[in-house]
Number of protein chains: 2
Amino acid sequence: MDNKVENKVENNSCPFTATIALIGGRWKTIIIFLLLDHTRRFGEIAARMPSISRKVLTEQLKELESDGLISRKQYKEIPPRVEYSLTELGQSLKPILTDMAAWGQEKLLDTV
Amino acid sequence: MDNKVENKVENNSCPFTATIALIGGRWKTIIIFLLLDHTRRFGEIAARMPSISRKVLTEQLKELESDGLISRKQYKEIPPRVEYSLTELGQSLKPILTDMAAWGQEKLLDTV
DNA sequence: GTAACTTGTTACCTTTTGGTAACCATGAAA
DNA sequence: TTTCATGGTTACCAAAAGGTAACAAGTTAC
């Protein structure tokens with residue numbers, strides 16, 4: 001229960017180091033983007049990210065949750081149902097993620 | 001000589017995957033940010049990033065160069081002098097990096 | 001002659017990250 | 001009573017990333 005955001009950045013005064021610690025890596029921006037306007041189940045996220053393994057997806061979701069970017073709601077049903085959505089902090093990344101996607105699309109992917 | 005940006009994203013239609021491939025990792029955003037308004041020598045960059053090893057800094061600079069984000073100018077002097085600066089593509093990241101820094105500062109570092 | 005300066009490179013080792021495959025729980029359907 | 005569905009977990013292994021320390025090279029300062 002001591003996995004608050006503050007812990008991640010304890011000895012850090014660099015805003016990039018702090019931000020990259022939360023949204024860096026190959027998957028986290030994609031996961032957050034997928035959740036921007038939707039609550040989604042584990043299986044839905046996995047289906048939209050075919051190249052991530054279930055193990056790593058589980059790990060990334062746990063980290064995002066403990067960093068306060070997403071929240072996890074588990075229903076006591078069988079078979080299990082778990083829904084992920086963004087917290088306010090996660091939602092506040094929207095402009096940055098939107099700009100990143102636009103930059104990548106324009107500068108790296110468009111075939112002119 | 002086939003290290004153009006296109007190679008990085010060959011099989012990729014995801015703008016995040018493409019963007020993260022270029023500026024992801026612990027160091028690259030910081031390096032680009034340091035170069036935003038300045039041409040800097042290797043030693044200057046190293047001095048401002050005490051926690052990166054010289055080996056890794058060299059590697060990161062090479063990758064940034066081959067991805068077209070920075071350019072390297074080597075003077076034929078002894079001792080060597082090498083200056084790094086942003087390309088136009090690198091400069092185009094400025095708004096995103098500025099927003100990231102501001103977000104990290106406000107959401108993660110400010111002690112209210 | 002020798003040491004220092006600057007920007008690397010190289011060899012070697014440790015840590016981190018990520019993958020695969022097998023397994024679990026439990027209620028419903030066949 | 002066997003199977004399926006969902007959202008994981010675990011053990012084990014491979015690959016990637018990163019660190020340290022030693023070395024290079026040629027001119028200048030001592």
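For the numbers below, each heavy atom of this structure counts, side chains included, while hydrogens, waters and symmetry mates do not. None of the values given here were measured: they were computed from a predicted structure.
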OP1 or OP2 of [N] versus the side-chain N and O atoms of [X]: is any pair under 4.0 Å?
| X | N | result |
| --- | --- | --- |
| Y84(B) | dG8(C) | yes |
| R72(A) | dG8(D) | yes |
| Q74(B) | dG8(C) | no |

Base, sugar-phosphate, or nothing: which does [X] touch, judged by heavy atoms less than 4.0 Å apart?
| X | answer |
| --- | --- |
| E83(A) | nothing |
| R41(B) | sugar-phosphate |
| K76(B) | nothing |
| Y75(A) | nothing |
| E44(B) | nothing |

Protein-nucleotide distance ([X], atom [atom1]; [N], atom [atom2]), rounded to Å:
| X | N | atom1 | atom2 | result |
| --- | --- | --- | --- | --- |
| R54(A) | dA5(D) | CZ | C1' | 11 Å |
| K62(A) | dG18(C) | NZ | C1' | 15 Å |
| K28(B) | dG18(D) | NZ | C1' | 14 Å |
| R81(B) | dT28(D) | CZ | P | 15 Å |
| L57(B) | dG18(D) | CG | P | 12 Å |
| K55(B) | dG18(D) | NZ | P | 9 Å |
| E59(A) | dT16(C) | CD | P | 13 Å |
| I52(A) | dG8(D) | CD1 | C1' | 14 Å |

Practice task
Please tell me if the side chains of I70(B) and E63(B) come closer than 4.5 Å, counting only heavy atoms from C-beta onward.
Solution key: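 Not touching, per the 4.5 Å side-chain cut-off.
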
Problem - Any V82(A) side-chain heavy atom under 4.5 Å of R41(A) side chain - result: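 With C-beta onward as the side chain, the pair stays apart.
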
Problem - SB check D67(B) K62(B) (cutoff 4.0 Å) - result: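 So D67(B) does not pair with K62(B) through a salt bridge.
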
Practice task
Taking all heavy atoms of L34(B) and all of R40(B), pick out the closest pair and write down the distance.
Solution key: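 Heavy-atom minimum between the residues: O-NE, 2.8 Å.
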
Practice task
Classify the side-chain pair S92(A)/W103(B) by whether it contains a donor and acceptor separated by less than 3.5 Å.
Solution key: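 Side chains of S92(A) and W103(B): pair found under 3.5 Å.
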
Practice task
Please determine, for the side chain of P79(B), which listed nucleotide (dG7(D), dG19(C), dT6(C)) has the closest atom?
Solution key: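 From the listed options, dT6(C) comes nearest.
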
Handout entry: Nucleotide nearest P80(B) when distance is taken to its side chain, options dT7(C), dT9(D), dG19(D)
Key =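 Taking heavy atoms from C-beta onward, the closest nucleotide is dT7(C).
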
Handout entry: Residue met sooner reading DNA chain C from 5', once I78(A) and T58(B) are mapped to nucleotides
Key =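 Going by which nucleotide is closer to the 5' end, it is T58(B).
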
Practice task
Nearest-nucleotide wise, let me know which of S53(B) and L61(A) is further upstream toward the 5' end of DNA chain D.
Solution key: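 Looking at DNA chain D, the more 5' nearest nucleotide goes with L61(A).
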
